[in-house]
Amino acid sequence: MDDRYRFAEIEEKWRQRWESGDPYSIPDFSDNPKFYCLEMFPYPSGKLHMGHVRNYAIGDVVARFKRMRGYDVLHPMGWDAFGLPAENAAIKHGIPPAKWTWDNISEMRRQLKQMAVSYDWQREIATCHPGYYRWTQWFFLEFYKRDLAYKKKAPVNWCPACATVLANEQVVHGRCERCGTDVERRELSQWFLKITDYAERLLRDLQKLQGWPDKVRIMQENWIGRSEGAEIAFDVVGFDEKITVFTTRPDTLFGVTYMVLAPEHPLVDKLTAPERRAEVEEFVRRARNLSELDRTSGEAEKQGIPIGASCVNPLTGEAVPIWTANYVLLEYGTGCVMGVPAHDQRDFEFARKYDLPIRVVIQPEGAAINVRDMTAAYDGNGVLVNSGPFNGLPNKQAIPEITRHLEKMGLGKRTINYRLRDWLISRQRYWGCPIPIVYCKGCGTVPVPEEQLPVILPSDVAFKPSGQSPLVDAEDFVNTSCPACGGPARRETDTMDTFIDSSWYYFRYVSPRDEERPFNIDAVGRWCPVDQYIGGVEHAILHLLYSRFFTKVLFDMNLVNFEEPFANLLTQGMVLKDGAKMSKSKGNVVSPEDIIAQYGADTVRLFILFAAPPERDLEWSDQGVEGCYRFLQRVWRLVNSLGDEIRTAPAQPAGYLVGVNRGLRRLTHYTIKKVTEDIDERFNFNTAISAIMEMVNGLYQYRDRVPAVDRDPAVLREAVEHLLLLLAPFAPFIVEELWERCGCQGSVHRQPWPQYDPEMLVEDSVTMVVQINGKVRDRVLVPADISLSELEALILSQPRIQALLEGKRILKIIPVPGKLINIVVK
RNA sequence: GCCGAAGUGGCGGAACUGGCAGACGCACCGGACUCAAAAUCCGGCGGGCCCUAAACCCGUGUGGGUUCGACUCCCACCUUCGGCACCA
């Protein structure tokens, strides 16, 4: 019989059988326990890359494992299908974005099926389909109704290469997250979602997310950036105006020696003295034109200029000069800062540069700070000085005291500020979800009525990157009638940030074809929240924060009864080659397609799960792939060679076993335990696979070294069948084929996950390690049930140990049952 | 600068609750099979000492500490990677 492992034939055979049966389609409701296993859906960029393969291989093991454990597993797949690459392809090659996108989807779907990822394909969705984006628009209108969507004119981040604005979250180190171009600032009227209203809840509920990596929680915490402090009002001299500052250090209020406004602050223009006007305007103009990169980089020099006005410290009554400076940001706090050079490093540098006074108001315990000798601000704790009635108070205590005092006088209040800014969602691009808003001369901004949704994205559009949405020129689209008065009106031509599309897709899977509402509430109640979410850590802030925000809004709308969408999160590491992330520009890309053609999908899956634990980065190794391929061949040969022997064997080993047969049963049950725990508790697929390899090695020994007369076919049968069951989630094709060849009934993927018998793990005797003063000196085989005193006597009677103890005094003997015994001597 | 993670053979990694460091795999070395090669099978594989072996010594980034016992816990430091970064 030809017994070569012909992976291509085997995989094609089972692919076809599975394709015809729709084996992973899951009913909406049943009495089984549920498990929602979700991997982050991909952008349909063309072909799967190794990062996708890793993501979906991990998810598939979890899904298959849970299914075998008796869960109804919801395991869906879809496409994050709106986005810039499609539009860029249209500009470059003249292919319509829709065609480009749908072609890519077909190709990537084919590849996922080739990999045998066990999705319920009935539930496939694509965010660019009107049946989907209609509900994205519906959500926008709901947000609008609740004042959570608003339009405002503001300085925004503009990427000149992508010719669109970007959300704050999409600007990385002052550069565009997508293309790396330096981001510019522009003053534009744009749509925002009020995520800041949810800042506190988004922060607070991070504590609930015990199933998330700490790293991601901390990143979100930093991004939200909560800080407690006070707002304090300073009267402007000679104007009926107040300047309100935000500070986390009201205890340093007596140390204020100047005031700074952000260059864009409206009061700058108002308060500037006539003789200073020309100079100040020039300064402001220059500051505004700085790119975000130059503006925010730490090395940028602090620059400022006095505007010729002053304001009064509410506690001292002293007047201090008002400046404007590039290091103060309009968007944070109140857009102005009180200058306390003695106790804030930035203020210190600024004061030194412009020769502003420095006044110490906090002295550290047991040391005296002297302004002349200061080389840096003192931002530690201490006792207040030069602070009138508050002198002598520890500064920690002074913070609430001074705040309370200001509140009483109506000059300030306790407040909290967040670094998080509202989410800018307008994009001046074509291939996205249209914003369902109409502008009417008479009625103003009018939301498109729900029954007119979806606002269909027109297909006859000329693509030219212009800085304006291409939709501006689509006359049939733009010109419409006002839903309120029926008069002529114009549609909003910007489209939505694609992160909105992906902020709710996981709910759509529960009822993907529902035409009445975004999702079936009962079905969401059954399946959500997602039990296990798996994806790259690059989404730690963007997608995961936005999705949490959306879920909280839906909770407030009574559409869901939970506040967090993803109960458990696994962030997988990157796939590297030669120590670097695979990328076309580095030329170190390994194509999944080529590897599958060469070794088969089972080998690729196995390697990518075996080479590293999922959270860590994975170094691609052609030789490692080769090793996994060899292992599958080894399994193939082993099972085929034993097929005849086990087909006729009894299903269950009977009676009490000894020697090699008991040993093999112990190996079988030990491996079940190990693999089960590695998958279920720790996602350590690499060690689970190691354990399976060890089991295969043990089976080879049994086959080749135990004489036929001593072998128990029932034990062998149990071992082989369990080997296949344990390997099934990792290498679904080869296992299904071998399962059939062994004469087993039904699909291996429909079998219950095996249980181990704790009885089988019990050993008659154990090897005890004998240490003297913590160093291993001997090993002794002892009966497992030996008593402590017997053990001690036995160990001390060992000739080797006796020799080593010669002339020494035993201080202590520390036994670790079943493992080790340590003799402490002097 | 702040926050976080990680440093273990030639390589990827294992050691789960403080108890035999290096499982499993790769690479490499030797042997069997073969006319030969590939494949496969068997054996070896941290370093030192040694003709060989036994024995012994060293060894988980560095230096200290706790403990009968430390890759694991504590303190200080070094390196690499990731996040945030003029956030008042």
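By convention in this document, chain letters (A, B, ...) are assigned in the order of the sequence lines, proteins followed by strands, and residues within each chain are numbered from 1.
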Nearest whole Å is fine: how far is [N] [atom2] from [X] [atom1]?
X       : N      : atom1 : atom2 : value
L609(A) : G25(B) : CG    : P     : 17 Å
D617(A) : A6(B)  : CG    : P     : 13 Å
W620(A) : G25(B) : CH2   : C1'   : 15 Å
R634(A) : C41(B) : CZ    : C1'   : 9 Å
I608(A) : G25(B) : CD1   : P     : 20 Å
K215(A) : G83(B) : NZ    : P     : 8 Å
L606(A) : C24(B) : CG    : C1'   : 12 Å
Q623(A) : C28(B) : CD    : P     : 7 Å

What contact category does [X] fall into here, base, sugar-phosphate, or nothing, at under 4.0 angstrom with non-hydrogen atoms?
X       : answer
D214(A) : nothing
G627(A) : sugar-phosphate
E694(A) : sugar-phosphate
V824(A) : sugar-phosphate
S227(A) : sugar-phosphate
F610(A) : base
R779(A) : base

Return the nucleotide paired to [N]: Watson-Crick means purine N1 to pyrimidine N3 with N6-O4 or O6-N4, wobble means G-U with N1-O2 and O6-N3, both under 3.5 Å.
N      : value
C28(B) : G44(B)
U66(B) : none
U79(B) : A6(B)
C84(B) : G1(B)
A55(B) : none
C49(B) : none

Closest to the [X] side chain, choosing from [options]:
X       : options                : answer
I814(A) : A88(B), C68(B), G13(B) : C68(B)
Q771(A) : G25(B), C20(B), A88(B) : C20(B)
M219(A) : C24(B), G83(B), C56(B) : G83(B)
T248(A) : A88(B), A14(B), G83(B) : A88(B)
W223(A) : C24(B), A85(B), C20(B) : A85(B)
N684(A) : C56(B), A15(B), C3(B)  : A15(B)
K674(A) : C86(B), C68(B), C16(B) : C16(B)
R419(A) : G43(B), G25(B), A85(B) : A85(B)
T247(A) : A27(B), G12(B), A88(B) : A88(B)
R705(A) : A88(B), G12(B), C42(B) : C42(B)

Between [X] and [Y], what is the ring plane arrangement, given parallel below 30°, perpendicular above 60°, and tilted in between?
X       : Y       : answer
W620(A) : F607(A) : perpendicular
H543(A) : H539(A) : perpendicular
F350(A) : W323(A) : perpendicular

Under 4.0 Å: is that the gap between some side-chain N or O of [X] and OP1 or OP2 of [N]?
X       : N      : result
R682(A) : A15(B) : yes
R616(A) : C81(B) : no
T687(A) : G13(B) : no
R4(A)   : U40(B) : no
N686(A) : A14(B) : yes
K775(A) : C58(B) : yes
R637(A) : A39(B) : no

Checklist entry - On a whole-Å scale, what distance lies between the P atoms belonging to G69(B) and A85(B)? => result 48 Å
Checklist entry - For G9(B), does the O4'-C1'-N9-C4 (purine) or O4'-C1'-N1-C2 (pyrimidine) torsion place it in syn, i.e. within 90° of 0, or in anti? => result syn
Checklist entry - Do the non-hydrogen side-chain atoms of I195(A) and L202(A) ever get within less than 4.5 Å of each other? => result yes
Checklist entry - Would you say Y354(A) and Q303(A) make side-chain contact, with heavy atoms under 4.5 Å? => result yes
Item to check | Side-chain donor-acceptor pair present, Y629(A), Q598(A), cut-off under 3.5 Å | outcome: no
Item to check | Pairwise 5' ranking along RNA chain B for G333(A) and K812(A), keeping only the more 5' one | outcome: K812(A)
Checklist entry - Which comes earlier along RNA chain B counting from the 5' end, the contact point of V816(A) or that of I823(A), where each point is its nearest nucleotide? => result V816(A)
Next on the checklist: Can you confirm if the NZ or CZ of R359(A) lies within 45° of the ring axis of F254(A) and under 6.0 Å from the centre of its six-membered ring?
Outcome noted: no
Next on the checklist: Using only atom types and a distance under 3.5 Å, with no angle test, would you say the side chain of T324(A) pairs donor to acceptor with the backbone of L261(A)?
Outcome noted: yes
Checklist entry - Counting N and O atoms only, with roles assigned by atom type, does the side chain of T334(A) sit under 3.5 Å from a partner on the main chain of T244(A), one being a donor and the other an acceptor? => result yes
Checklist entry - Is there a donor on the side chain of N822(A) or the base of C68(B) sitting less than 3.5 Å from an acceptor on the other? => result yes
